[in-house]
Every structure is written in C-alpha cells, then in structure tokens.
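Below is one structure, written out as structure tokens; the observations come after it.
Note: hydrogens, waters and symmetry copies are ignored here, and every other heavy atom, side chains too, is used.
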Amino acid sequence: MGIIDYCVIREDFIDKEIANVFLYKSKKSFDNFTLQEEEVAGIVKAEFHHFADLWFGERETIKIGRIEIKKDGNEILIDENVGRNKFVPHQIEFYKTVIEKNIQKI
C-alpha cells in the first residue's frame, strides 16, 4: 500500500518510524497460510468496511478472526470482537491513511 510516516508517544516512550504497509485481500482460510515464526506473531482478518467504520467512529467494535503462534510453536485460531484498543497504538490518522490508500486501489 505504500510507506507511511508515523509517531507514537506514550509516557516516556517516543516511536518515530516509516512503515511499509501491506494489505492482502483474500478469501482464503487461515489453513492456507504458513506463518514464518521469526517474522510474524500472527495474522488477523476482518471485513474491510467494518475496519474502516471502526476507525472513522461508526462502530465501537468489529469481529475479527486471527491466528496466533504461541510460545510452544503451536498455532491457535481465535474469533472475537475487538475495539481500537486491541490494535497497535498508532495515532488514528495512521489507520485512516491506511484505509484511504486502500479505497484508492479499489
């Protein structure tokens, strides 16, 4: 999707980065993915328009499915409802930029 500059400030922590952002549109199930444990702790899937609604304030929570690699190397599947607090603590503008870049590609 491109490169996005962002900054996260939390108490005594400042994180300024340039992020390469990727979005993969797929109807495949989690069984079709093999996660590289050294690079990825897990993956999440959600309906894009629900994700957009969450960050533009139209929803408080969205339903996600996720696969997570546990410390013992086993993968677990989880379905749950989550709010913004379950995502990486970027500024809201970061997520809005990701959404807008995706809409431009549709």
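The line from CG of Asn32 to NZ of Lys27 is 14.0 Å long, rounded to the nearest 0.5 Å. In this structure, CD in Glu47 is found 11.0 Å from CG in Asp53, a value given to the nearest 0.5 Å. With rounding to the nearest 0.5 angstrom, the CD atom of Glu100 is 4.5 Å from the CZ atom of Phe56.
Partners of Lys70 by salt bridge (Lys or Arg N to Asp or Glu O under 4.0 Å), not counting sequence neighbours, listed by chain and number: Glu68. Not counting sequence neighbours, the partners of Leu77 by the side-chain contact (heavy atoms from CB on, under 4.5 Å) test are Phe30, Ile67. Applying the side-chain contact (heavy atoms from CB on, under 4.5 Å) criterion to Lys71, with sequence neighbours excluded, gives no partner residue. Residues forming a side-chain contact (heavy atoms from CB on, under 4.5 Å) with Glu80 (at least two apart in sequence, or on another chain): Ile64, Arg66, Ile78, Val82. Residues passing the side-chain contact (heavy atoms from CB on, under 4.5 Å) test with Leu54 are Ile62, Arg84, Phe87, sequence neighbours excluded.
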Donor-acceptor pairs under 3.5 Å, side chain of residues 92-99 to any protein atom, not counting sequence neighbours: which ones?
unit_1: Tyr95; atom_1: OH; unit_2: Val88; atom_2: N; d: 3.3
unit_1: Tyr95; atom_1: OH; unit_2: Val88; atom_2: O; d: 2.7
unit_1: Thr97; atom_1: OG1; unit_2: Glu93; atom_2: O; d: 2.8

